[in-house]
J.: 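Dumping the structure here so I can ask a few things about it.
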Amino acid sequence: MNIALIGVAIGLMATLGGIVIVRRNSPQQPIPVKAVLFGLYFWGLVFLQLVVFVLFMG
């Protein structure tokens, strides 16, 4: 599988996951707090997906 396609898939899944988690877990928070939480969730999901990918491919 092409490494660029894997990167795009990981980025899309992390973006959608971050949006869903922020909307579900913090509906009363102001926008700057939501932005920071999205960044944390996004990078957490990216690293989790990279670890899972390495374990399955390695």
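The structure displayed is predicted, hence computed values, not measured ones. These numbers come from the heavy atoms of this one structure, side chains and all, not from hydrogens, waters or symmetry mates.
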J.: At what distance, to the nearest 0.5 angstrom, does NZ of Lys34 lie from CD of Gln28?
T.: 8.0 Å
J.: Any chance you could measure Leu40, atom CG, to Leu45, atom CG, to the nearest 0.5 Å?
T.: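 Those atoms lie 11.0 Å apart.
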J.: Take a 6.0 Å sphere around CD1 of Ile31 and say whether it holds more than 12 heavy atoms from other residues, nucleotides or ligands.
T.: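 No, the 6.0 Å shell around CD1 holds no more than 12 heavy atoms from other groups.
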J.: Tell me whether Phe42 is reachable from Val52 by hopping between hydrophobic residues (I, L, V, M, F, W, Y) whose side-chain heavy atoms are closer than 4.5 Å.
T.: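 Different hydrophobic clusters.
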J.: Would you say Leu50 and Met57 are hydrophobically clustered, going by side-chain heavy atoms of ILVMFWY under 4.5 Å?
T.: yes
J.: For residues Trp43 and Val33: do they belong to one hydrophobic cluster (side chain heavy atoms under 4.5 Å, members Ile, Leu, Val, Met, Phe, Trp, Tyr)?
T.: yes
J.: Report yes or no: do Phe47 and Ile19 belong to one cluster of Ile/Leu/Val/Met/Phe/Trp/Tyr joined by side chain heavy-atom distances under 4.5 Å?
T.: yes
J.: Please report the closest heavy-atom contact between Phe38 and Thr15, naming both atoms and the distance.
T.: CE1-O, 3.6 Å
J.: Taking all non-hydrogen atoms of both residues, which atom of Met13 and which atom of Gln49 are closest, and how far apart?
T.: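 Met13 and Gln49 have their closest heavy atoms at CE-OE1, 3.2 Å.
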J.: For Val22 and Leu37, which heavy atoms make the closest approach, and how far apart are they?
T.: CG2-C, 4.0 Å
J.: If hydrophobic clusters are built by linking Ile, Leu, Val, Met, Phe, Trp and Tyr wherever their side-chain heavy atoms come under 4.5 Å apart, do Val46 and Phe53 end up in the same one?
T.: yes
J.: Can you give me the closest heavy-atom contact between Gly18 and Tyr41, atom names plus distance?
T.: CA-CB, 4.2 Å
